[in-house]
Protein chains: 2
Amino acid sequence: MVQNADPLNLCLLKVSCAECSLVELCLPRCLDPADMKQLEGIVRHRRPLQRGEVLYRRGEPMRALYAIHSGSVKNHMSVPGGGEQILGFHLPGNLLGLDGCGTDSYTCTATTLETTSICEIPYGQLESLCALVPGLNREFHRLLGRAIGAEQAMLLMLGNKKAEERLASFLLHLSRRYCERGFSPLRFNLSMSRHDIGNYLGLALETVSRQFAHFQEAGWISVDRREISIHQLDALKKLVTHTLEEETGNIA
Amino acid sequence: MVQNADPLNLCLLKVSCAECSLVELCLPRCLDPADMKQLEGIVRHRRPLQRGEVLYRRGEPMRALYAIHSGSVKNHMSVPGGGEQILGFHLPGNLLGLDGCGTDSYTCTATTLETTSICEIPYGQLESLCALVPGLNREFHRLLGRAIGAEQAMLLMLGNKKAEERLASFLLHLSRRYCERGFSPLRFNLSMSRHDIGNYLGLALETVSRQFAHFQEAGWISVDRREISIHQLDALKKLVTHTLEEETGNIA
DNA sequence: CGCCGGATTGACTGAATTCAACCGTCGTGG
DNA sequence: CCACGACGGTTGAATTCAGTCAATCCGGCG
């Protein structure tokens, strides 16, 4: 209802933040209409990117932040001894490039996983606007803080979870994020390859494949190529929380 | 020279930011004298904490950020299925509590590793001051960005490095940080236990111990209890970069 | 049709965990 | 003063989880 009647052209239109369905998730969240208007003034809309195109590259001067309007993006960096490490997957409403705040240049590369449309927010102008609009500054800090929190959650995972739990966490996380965006939490398409998932989770792609098979045999999910259906969310949740505590009753 | 003549009492004195030896590392970095004066106005100095005391706890409302004046602190959180995950070790000049920006409550717990003195910066007042002092706001953003970058580096490590490389990275990182603070990069004391190191690096404490032994047998370091001497920094560096590329010549 | 990339499956290997014994240091209390 | 236990650390042996190598499958595309 809120959206334009022609979804196919949505990404080509200059959708204002106020009209965007993602306003509750994105940077303008919680801004009053006047402040939102100001923010809209500096946002630029770029042509949609094709799958595999690079939004920005590690080391480039950080001139802008990018909000995903539709599509998905992976953040990654090459590791010194050869190879690549994926640091995150981003969905509509997410803000990219925050890592660049620390050094004035991006610390990782952002590559689209599918056709993706983007809103560009020039960083200098955002900083200036933050100085004028306290609510925006506060929200920006909140987003930075949440980026830190998200990475901490990931550190926790890589630090002490087994392959099975990692993949379950990954699926649950995706499920929740799709749900927040108004999509089904029980049926969605993975925009990333098994290789990418494994890389992200610190696992070999074969291990990812095997764990998917394992979940499927247990009847918890169905997976066909990139399409996932979750049948027993609870089973996956139990896997994530109850581990290493086989013998615990009501203790702790 | 810059410091007070009586080091034992230093932590009890109200050392101004301008006088603090950490000014180049800490939040006031790059502020002009007038702005620094303003920041000093809101900083509070707390009594030194003993080893093992908790500075703040996960879930508590985030009322302040904390700068370490002397000592060291670990950031950690309990994992759902029991156990603990350490997310970072912090040294003088580091700012703690940034993770709380995202949710208005701390996402992890901060515990001292030794006697530690702290400067407290009330968050509300800092936000207000940021609105008035653009340079401070900019610097605050930079610190948030660097926190993100630091965690990305850690994700990279946990994602695809072996035990040997992890420990070498860990030592090199500590070495560099001590160096930045004017201490010897080649001889220092670990303020954390083997258990903590292992937990942080995603390894069993026995593995940490064995790798230390391995480095020592190779003549790269000497380690006695908590005291580390690095004899061949280059050997450790080589370990971190050149891995998985035994056969590479000039390629790539 | 045959090729190619992504995904699956199987067999084998190995790095790191786990379990366990042992050691040295420190602090406490008899 | 020494005995004791607690704690942190080291070392050894057995186990296991996941990585590696390799063969095969499947769907899409030229």
Side-chain angles (χ1 to χ4, degrees), chain A residues 51-52 74 79 81-86 113-114 157-170 189-218 221-228 239 243-247, chain B residues 50-52 74 79 81-86 113-114 157-170 189-217 221-228 239 243-247:
Chain A
R51 173 193 158 89
K74 65 175 172 182
V79 348
E84 202 79 3
Q85 176 65 45
I86 294 174
L113 292 166
E114 57 193 311
M157 183 138 107
L158 295 180
N160 55 28
K161 299 209 170 175
K162 302 221 168 304
E164 196 181 39
E165 309 170 65
R166 291 188 195 186
L167 197 61
S169 292
F170 176 75
N189 271 65
L190 301 170
S191 54
M192 68 294 286
S193 67
R194 301 287 190 272
H195 177 88
D196 283 349
I197 297 171
N199 185 298
Y200 178 58
L201 297 176
L203 301 170
L205 69 156
E206 293 95 329
T207 305
V208 174
S209 195
R210 273 187 259 268
Q211 292 299 334
F212 270 140
H214 169 211
F215 290 167
Q216 186 156 315
E217 283 160 27
I221 67 170
S222 303
V223 50
D224 174 40
R225 295 284 289 172
R226 300 281 180 102
E227 186 169 319
I228 293 271
L239 209 54
T243 312
L244 301 172
E245 50 162 343
E246 289 89 13
E247 73 289 345
Chain B
Q50 297 303 306
R51 172 193 160 90
K74 65 175 172 183
V79 348
E84 202 77 6
Q85 176 64 44
I86 294 173
L113 292 167
E114 58 192 313
M157 183 137 108
L158 295 179
N160 56 29
K161 300 209 168 177
K162 301 222 168 303
E164 197 181 38
E165 310 169 66
R166 291 187 195 186
L167 196 61
S169 291
F170 175 74
N189 271 67
L190 301 170
S191 53
M192 69 293 286
S193 67
R194 301 287 191 272
H195 176 88
D196 283 350
I197 297 171
N199 184 298
Y200 178 58
L201 296 176
L203 301 170
L205 69 157
E206 294 95 328
T207 306
V208 173
S209 195
R210 275 188 255 270
Q211 291 299 334
F212 270 141
H214 169 211
F215 289 168
Q216 185 156 311
E217 282 160 27
I221 66 170
S222 303
V223 50
D224 175 40
R225 297 281 289 173
R226 300 281 179 100
E227 186 168 319
I228 293 270
L239 209 53
T243 311
L244 301 171
E245 50 163 342
E246 290 88 13
E247 72 292 343

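The chains referred to below are lettered A, B, ... by the order of the sequence lines, with proteins before strands, and numbering in each begins at 1.
- Remark: P of dA15(C) and CD of E164(B) are 10 Å apart, rounded to the nearest angstrom.
- Between the CD atom of Q216(B) and the P atom of dG9(D) there is a distance of 14 Å, rounded to whole Å.
- Rounding to whole angstrom units, CD of residue E165(B) and P of dA15(C) are separated by 12 Å.
- A donor-acceptor pair is defined here as one N or O able to donate and one able to accept, closer than 3.5 Å; no such pair exists between the side chain of Q211(A) and the backbone of V208(A).
- Applying side-chain contact (heavy atoms from CB on, under 4.5 Å) to F215(A) and the options I221(A), V223(A), I228(A) leaves one that passes, I221(A).
- One can place CG of N160(B) at 11 Å from P of dG19(D), the figure rounded to the nearest angstrom.
- Evaluation of the salt bridge (charged side-chain N to carboxylate O under 4.0 Å, His left out) rule for E227(B) yields R187(B) as partners, not counting sequence neighbours.
- Between the P atom of dT17(C) and the CG atom of L201(B) lies a distance of 10 Å, rounded to the nearest Å.
- Rounded to an integer number of Å, the gap from CG of L158(A) to P of dA18(D) is 13 Å.
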* Structure fact -> The contact string for nucleotides 3-12 of chain C, one letter per nucleotide 5' to 3', using protein heavy atoms under 4.0 Å with B, S and - for base, sugar-phosphate only and none, comes out as ----SBBBB-
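- By the side chain to side chain donor-acceptor pair (under 3.5 Å) test, E206(B) is found to be paired with no residue, residues two or more places apart in sequence or in another chain being considered.
- Within a 6.0 Å radius of CZ in R226(A), other residues, nucleotides and ligands contribute more than 12 heavy atoms.
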* To do: I would like to know whether Y200(B) and I197(B) meet side chain to side chain contact (heavy atoms under 4.5 Å, CB included); could you show each step before the answer?
  => CA-CA 5 Å; Y200(B) 178 58; I197(B) 297 171; 5.8 Å; no
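- Between K161(A) atom NZ and dA16(C) atom P there is a gap of 22 Å when expressed in whole angstrom units.
- Whole-Å rounding puts the H214(B) NE2 to dT11(D) C1' distance at 16 Å.
- Residue contacts shown for G198(A) are absent, as no nucleic acid heavy atom lies under 4.0 Å away.
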